[in-house]
Participant: 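Sending over a structure as structure tokens; questions will come in a sec.
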Amino acid sequence: MRCAVFSDAGIPCRTPTCGMPRYRRVWVPGGTYFFTVNLLERRRRLLVERIDALRAAFIDARGAQPFELLAIVVLPDHLHCVWRLPEGDADNAGRWQRIKAGFVRRLPRDEYVSTIRRARRERGVWQRRYWEHLIQDDEDLRRHIDYVHFNPVKHRWAARAVDWPHSSVHRYVARGDLTADWGGECGVEADRCAREAAG
């Protein structure tokens with residue numbers, strides 16, 4: 001019996017059995033990628049409560065394995081970002097391992113840890129995997145950066161994209177790429193972003 005398993009990169013991965021899925025990722029050295037990374041316990045607000053620890057983890061990871069961070073938004077229980085790898089480098093997993101571990105090292109050990117995670121000497125902070133999408137072209141890049149910046153409005157954490165403090169939208173507004181009212185609840189851009197996010 002064969003079953004189609006869709007990887008988190010959106011590529012069908014056929015396995016001979018329907019046991020554990022095999023996760024296939026697209027390895028493109030120097031590629032540009034969109035990511036979604038979630039906390040294990042989605043009810044927690046750790047990412048915004050400990051934003052300085054997360055920022056430090058990103059800085060340390062970029063120092064060890066450089067990448068260009070094109071867009072990011074940090075919500076209480078998950079984050080989205082778009083980054084570009086250096087030419088010849090395809091190690092997204094190593095970078096996420098550094099970021100996740102760097103963040104966890106800066107936290108007190110007060111989270112629930114399952115028996116399985118405890119046996120593996122893991123903390124109970126992050127979901128193990130992450131969603132990854134290889135950006136295909138300039139239009140795909142624009143759509144995903146818009147999605148990142150509109151996400152706080154989509155989740156009703158803010159009325160306008162610029163009202164959310166933990167977002168690279170402020171950098172885009174400061175350099176004139178977006179207007180301050182971009183991504184407001186009633187704006188045309190917000191409607192378009194909401195349609196794209198849903199579709």
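This one's a predicted model, so the numbers in the text were calculated from it and none came from an experiment.
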Participant: How long is the straight-line distance from CD of Q127 back to CD of E41, given to the nearest 0.5 Å?
Facilitator: 11.0 Å
Participant: After noting the C-alpha distance and the side-chain angles of D146 and R143, does the key distance pass the salt bridge (Lys or Arg N to Asp or Glu O under 4.0 Å) rule?
Facilitator: CA-CA 5 Å; D146 284 354; R143 276 196 343 267; over 6 Å; no
Participant: Can you tell me how far apart CD1 (I135) and CG (D140) are? Round to the nearest 0.5 Å.
Facilitator: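 Those atoms lie 4.5 Å apart.
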Participant: Within the distance-only criterion (no hydrogens, no angle test), does the side chain of W164 pair as donor or acceptor with the backbone N or O of F150 below 3.5 angstrom?
Facilitator: no
Participant: Nearest heavy-atom pair of H149 and S167: which atoms, and what distance?
Facilitator: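 Looking at all heavy atoms of both residues, the shortest contact is CD2-OG, 3.6 Å.
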Participant: Under a 4.0 Å threshold between the charged nitrogen and the carboxylate oxygen, would R55 count as salt-bridged to D52?
Facilitator: yes
Participant: Before accepting this row, confirm whether a basic side-chain N of the pair D138/R142 lies closer than 4.0 Å to the acidic partner's carboxylate O.
Facilitator: no
Participant: Of the non-hydrogen atoms in G31 and L134, which two are nearest, and what is the gap between them?
Facilitator: CA-CD1, 4.4 Å
Participant: Give the minimum heavy-atom separation between L85 and D91, together with the two atoms involved.
Facilitator: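 So the two residues come closest at CD1-N, 4.2 Å.
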Participant: Nearest 0.5 Å, please: how far is CD1 in I145 from CG in D177?
Facilitator: 9.0 Å
Participant: Let me confirm one number: the CD1-CH2 distance from I72 to W83, rounded to the nearest 0.5 Å.
Facilitator: 8.5 Å
Participant: Roughly how far apart are Q136 CD and L141 CG, rounded to 0.5 Å?
Facilitator: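 The CG atom of L141 is 11.5 Å from CD of Q136, to the nearest 0.5 Å.
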Participant: Can you see which heavy atom on H166 is nearest to which on V48, and at what distance?
Facilitator: CD2-CG1, 3.5 Å
Participant: Is a side-chain N or O of Y33 found less than 3.5 angstrom from the main chain of V28, in a donor-acceptor match?
Facilitator: yes
Participant: In chain order, what residues pass the side chain to side chain donor-acceptor pair (under 3.5 Å) check against W96, with sequence neighbours excluded?
Facilitator: none
Participant: Which atom names give the shortest non-hydrogen contact between V153 and G183, and what distance separates them?
Facilitator: CG2-O, 3.2 Å
Participant: Which residues satisfy the ring pair (Phe, Tyr, Trp, His ring centres under 6.0 Å) test with H144, sequence neighbours excluded?
Facilitator: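 With neighbours one apart ignored, the set is F34, H133.
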Participant: Answer yes or no: are there more than 12 heavy-atom neighbours, outside Q97 itself, under 6.0 Å from its atom CD?
Facilitator: no
Participant: Carefully, step by step, assess I99 and V37 under the rule side chain to side chain contact (heavy atoms under 4.5 Å, CB included).
Facilitator: CA-CA 11 Å; I99 292 166; V37 184; over 6 Å; no
Participant: Do D60 and R105 pass the salt bridge (Lys or Arg N to Asp or Glu O under 4.0 Å) test, and can you show the C-alpha distance, the side-chain angles, and the key distance before you say yes or no?
Facilitator: CA-CA 12 Å; D60 289 352; R105 276 196 303 273; 5.6 Å; no
Participant: Do I59 and L69 share a hydrophobic cluster, counting only Ile, Leu, Val, Met, Phe, Trp and Tyr and linking them when any side-chain heavy atoms are less than 4.5 Å apart?
Facilitator: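 The answer is no; the residues belong to distinct hydrophobic clusters.
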Participant: When rounded to the nearest 0.5 angstrom, what distance separates NE2 in H170 from CG in L178?
Facilitator: 11.0 Å
Participant: So does T32 get a backbone contact from the side chain of R84, meaning a donor-acceptor N/O pair under 3.5 Å?
Facilitator: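 Not a single qualifying donor-acceptor pair exists.
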Participant: Hey, is D89 close enough to R95 for a salt bridge, meaning N to O under 4.0 Å?
Facilitator: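 Between R95 and D89 there is a salt bridge, with a charged N closer than 4.0 Å to a carboxylate O.
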Participant: Suppose we screen for ring pair (Phe, Tyr, Trp, His ring centres under 6.0 Å). Which residues come up paired with H155, at least two apart in sequence or across chains?
Facilitator: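 Partners of H155 by the ring pair (Phe, Tyr, Trp, His ring centres under 6.0 Å) criterion, ordered by chain and then number, come out as H78.
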Participant: For the residue pair L47 and L54, what are the closest heavy atoms and their distance?
Facilitator: CD2-CD2, 4.3 Å
Participant: Is the F103-W126 ring centre distance short of 6.0 angstrom?
Facilitator: yes
